[in-house]
Amino acid sequence: MAGRPIIIDCDPGQDDAINLLLAMSSPDELDILGITTVAGNVPLALTERNARQICDIAGRTDMKVFAGCERPMQRELLTAEHVHGKTGIDGVEITSPGTPLGEQHAVDFIIEALSTTAEPLTLVPTGPLTNIATAIERAPAILDNVAEIVLMGGAMREGGNHSPSAEFNILVDPHAADLVFRCGKPITVLGLDVTHQVLATPGRRDRIREINNDAGRATAGMLDFFNRHDTVKYGSLGAPLHDPCTVAFLLAPNLFEGKACNLTVETASELTMGHTAVDFWHVTDRPDNVTWIWSVDADGFYDLLIERLERYGDD
Ligand code: BDR
Ligand code: CA
């Protein structure tokens, strides 16, 4: 049986890139119809290029990759080179990708895929939500064919990682996030509360370094770079692997625990712009609109990631 049909919308970014490698290693469970890219960690020209290089590394030069929105819906673009390096995927040697860039705009691809699909699709955003929100705004009927949205973004207990109140993906395009969280479809949110539990500790990085294939080497190299920023900034044992929580959730939801809640995005206050107000204890009568994931079996997560990266074979 073919896997569940998904579209991954991303802004690679080392952790987006590792998420793509995890997804492409799992064809029995996931049928990736396309990878759409958005401006976020680095500008669009780099995120689309990086996604294509990761497809090369996965041996999937046949993958459909599209470039989408160059800037957020209403605000100026914020980028995060201080976290991800100049290229976005510092830690791997940059090559000229063999995977071609699709001619269609990513938003057109998302609309077309959702308008013509025989079965509902799962959307997996791991960057600012600009492409997804723009598609919904332009063609709201596509929501009929969205099975669910499983995204990385937001924070409750952990506070912000790019402002005191906001997580990066939501802060970059809070208006897009607001639109998506109000779309009425089932949404599973993997925010900093859970991604900060999956740290790439030295022992876990050693296990990844032992994987004898291009995907393993690329992952190890990217993690070594990614780790520098986070271990210094947070004094933690390793960087959180934010975005791979989305695909890990699709592959092994039993590793995670979550709760139905209301999540509302701040779009008015400059001070707390992009804050995700998660009503975890149901202290308001706002209706539940997300499943807020708050816990993960981190060892199980890394066992899954490593087992899947090993599937790329031995050199
Ligand atoms: C999110 O922001 C980006 O820096 C990462 O790729 C991840 O999607 C974490 O806040
Ligand atoms: Ca990302």
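Ligands are counted one by one from 1 in listed order, and the atoms in each one are counted from 1 as well.
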What part of [X], side chain from CB on, backbone N/CA/C/O, both or neither, has a heavy atom under 4.0 Å from ligand 1?
{"X": "His84", "value": "side chain"}
{"X": "Asp16", "value": "side chain"}
{"X": "Asn41", "value": "side chain"}

Element-labelled atoms of ligand 1 that are located less than 4.0 Å from some non-hydrogen atom of [X]:
{"X": "Asn161", "result": "9 (C), 10 (O)"}
{"X": "Asp15", "result": "5 (C), 6 (O), 7 (C), 8 (O)"}
{"X": "Thr126", "result": "8 (O)"}
{"X": "Phe168", "result": "2 (O), 3 (C), 4 (O), 10 (O)"}

Could you grab the distance from atom [atom1] of [X] to atom [atom2] of [Y], nearest 0.5 Å is fine?
{"X": "Thr276", "Y": "Leu192", "atom1": "OG1", "atom2": "CG", "result": "8.0 Å"}
{"X": "Leu241", "Y": "Ile18", "atom1": "CG", "atom2": "CD1", "result": "5.0 Å"}
{"X": "Thr47", "Y": "Ile35", "atom1": "OG1", "atom2": "CD1", "result": "11.5 Å"}

- request: Output the atom name for the N/O/S atom of Asp11 with the smallest distance to the Ca ion (ligand 2).
  value: OD1
Judged by modelled atom types alone, do [X] and [Y] share a side-chain donor-acceptor pair under 3.5 Å?
{"X": "Ser25", "Y": "Arg311", "value": "no"}
{"X": "Thr130", "Y": "Asp173", "value": "yes"}
{"X": "Asn212", "Y": "Asp315", "value": "no"}
{"X": "Thr195", "Y": "His242", "value": "yes"}
{"X": "Asn145", "Y": "Thr117", "value": "no"}

field: Degrees at the Ca ion (ligand 2) between the OD2 atom of Asp16 and the OD2 atom of Asp243, nearest 10°
entry: 70°
task: Looking only at protein heavy atoms, identify the closest one to atom 8 (O) of ligand 1 and say how far it is in Å.
output: Asp243 OD1, 2.6 Å
- prompt: How close does the nearest protein non-hydrogen atom get to atom 1 (C) of ligand 1, and which residue and atom is it?
  reply: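 Minimum-distance protein heavy atom for atom 1 (C) of ligand 1 reads Glu167 OE2, 3.2 Å.
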task: Flag Thr126 as yes if one of its N/O/S atoms falls below 3.0 Å of the Ca ion (ligand 2), otherwise no.
output: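 Short answer: yes, at least one N, O or S atom is under the cut-off.
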query: Closer than 3.0 Å to the Ca ion (ligand 2), do we get an N, O or S atom from Asp15, backbone or side chain?
result: no
- prompt: Hey, what's the ring geometry for Phe249 with Phe256, parallel, tilted or perpendicular (30° and 60° as the breaks)?
  reply: perpendicular
